[in-house]
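Here the structure is laid out as structure tokens; the discussion comes afterwards.
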Amino acid sequence: MQSAQTGNDVRTERLIEWLRDAHAMEAQAETMLNKQASRIEHYPELKARIEQHITETQNQAKLIEGCLQRYDKSYSGFKDLGGKMMAMGQAMGGMMVNDEIVKGVQMGYVFENLEIASYKILIAAAEAVGDMQTKEVCERILVEEVAMADWLRDHLAELTQAYLTRALEPNVEAKR
């Protein structure tokens with residue numbers, strides 16, 4: 001049977017690993033959001049909300065770095081690079097479709113829900129090891145991720161209708 005100390009060490013190691021994953025996820029999100037925002041031309045409300053979330057995402061990465069520093073750990077440059085590479089691939093794929101704006105919003109909504117799940121896991125893990133600072137940081141970040149997911153969900157139909165309306169117009173670009 002594991003001692004309480006060994007069990008807590010395992011939980012702490014897992015929390016640190018998940019914090020590194022969260023930092024990589026935020027690096028991926030920042031790259032993905034920057035690419036998406038740079039390509040949006042005809043949907044100003046969406047572009048503004050994405051740009052707001054880019055700022056939030058950059059701050060979230062710094063907050064996660066602070067959590068890792070309390071453990072004398074740093075984020076994983078390798079994981080961050082992997083996340084950025086995945087985001088670049090997603091951006092390239094988005095450029096190849098005629099309904100880029102719709103697919104981008106759809107994928108953004110999915111990604112926000114991945115982030116929500118990740119922060120709920122981090123909150124539970126931080127609580128399990130008694131790290132209330134990390135728990136509070138992750139709760140703050142979770143509020144922003146839920147707000148972005150809610151905004152995307154609440155605007156899916158409107159953005160789809162705007163895309164379809166533009167797509168019907170001759171000589172009008174709808175995809176971005």
Side-chain angles (χ1 to χ4, degrees), residues 17-67 75-125 137-169 172-176:
E17 181 181 329
W18 291 337
L19 285 167
R20 285 178 170 151
D21 291 344
H23 193 277
M25 179 178 64
E26 295 303 346
Q28 180 178 356
E30 183 181 356
T31 300
M32 185 175 63
L33 292 166
N34 275 319
K35 292 290 180 197
Q36 188 177 18
S38 73
R39 294 188 48 75
I40 296 173
E41 296 175 4
H42 307 293
Y43 305 87
E45 189 179 2
L46 174 62
K47 184 173 184 149
R49 186 59 180 97
I50 289 172
E51 288 172 342
Q52 175 189 338
H53 198 55
I54 290 168
T55 301
E56 292 169 346
T57 299
Q58 291 166 336
N59 188 52
Q60 292 164 1
K62 288 176 187 163
L63 290 170
I64 294 299
E65 285 175 37
C67 293
Y75 59 89
S76 169
F78 184 72
K79 285 184 179 185
D80 282 14
L81 179 61
K84 289 177 181 181
M85 297 286 287
M86 286 174 48
M88 293 295 284
Q90 290 168 327
M92 295 296 288
M95 287 184 223
M96 305 300 171
V97 295
N98 289 333
D99 58 346
E100 179 180 358
I101 200 72
V102 175
K103 293 283 190 326
V105 171
Q106 183 181 38
M107 290 310 300
Y109 181 68
V110 169
F111 196 84
E112 290 304 321
N113 280 281
L114 170 69
E115 290 181 303
I116 289 166
S118 296
Y119 284 109
K120 286 185 176 195
I121 289 166
L122 281 167
I123 290 164
V137 164
C138 292
E139 287 171 338
R140 274 183 32 209
I141 294 171
L142 178 62
V143 168
E144 293 175 348
E145 301 298 2
V146 168
M148 185 63 184
D150 287 350
W151 191 95
L152 290 169
R153 183 198 62 229
D154 293 346
H155 290 82
L156 283 170
E158 173 189 328
L159 288 162
T160 301
Q161 290 298 329
Y163 164 80
L164 291 171
T165 299
R166 290 186 67 82
L168 289 174
E169 295 294 321
V172 171
E173 184 187 55
K175 83 178 255 177
R176 53 187 163 149

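What's counted below: heavy atoms across the whole structure, side chains too, no hydrogens, waters or symmetry copies.
Contact check for L159 versus V102: no side-chain heavy atoms found under the 4.5 Å cut-off. Between Q28 and F111 the shortest side-chain heavy-atom distance falls below 4.5 Å. Side-chain atoms of M148 and Q52, non-hydrogen and from C-beta on, never get closer than 4.5 Å to each other. Between N113 and Y109 there is a side-chain heavy-atom pair separated by less than 4.5 Å. A 4.5 Å side-chain heavy-atom check between M107 and M32 finds every atom pair outside the cut-off. No side-chain heavy atom of V143 sits less than 4.5 Å from a side-chain heavy atom of Y119. With a 4.5 Å cut-off on side-chain heavy atoms, H155 and R49 do not count as touching.
In terms of heavy-atom proximity, E115 sits nearest to A29 at OE2-CB, 3.8 Å. In terms of heavy-atom proximity, I64 sits nearest to L19 at CG2-O, 3.3 Å. Heavy atoms only, all atoms of each residue included: E30 and T57 are closest at N-CG2, 3.8 Å. The heavy-atom pair separating Y43 from Y163 by the smallest distance is OH-CA, 3.4 Å. The two residues G108 and L152 have their closest heavy-atom pair at C-CD1, 3.6 Å.
Donor-acceptor pairing under 3.5 Å is lacking for the side chains of Q60 and E56. With hydrogens and angles left out, the side-chain atoms of H23 and E26 include no donor and acceptor closer than 3.5 Å.
Within 6.0 Å of the CZ atom in R153, the count of heavy atoms belonging to other residues, nucleotides or ligands exceeds 12.
Between the N59 side chain and the T55 main chain, no donor and acceptor come within less than 3.5 Å of each other.
In this structure, CD1 in I54 is found 10.0 Å from OG1 in T31, a value given to the nearest 0.5 Å. Separation of atoms CD (Q36) and CG (N34) is listed at 10.5 Å; rounding is to 0.5 Å. Rounded to the nearest 0.5 Å, atoms CD1 (I50) and CZ (R39) are 12.5 Å apart. D150 CG to E145 CD: the interatomic distance, rounded to the nearest 0.5 Å, is 11.5 Å. Note that CD of E51 is 9.5 Å distant from CG of L46, once rounded to the nearest 0.5 Å. Separation of atoms CZ (R140) and CG (L63) is listed at 5.0 Å; rounding is to 0.5 Å.
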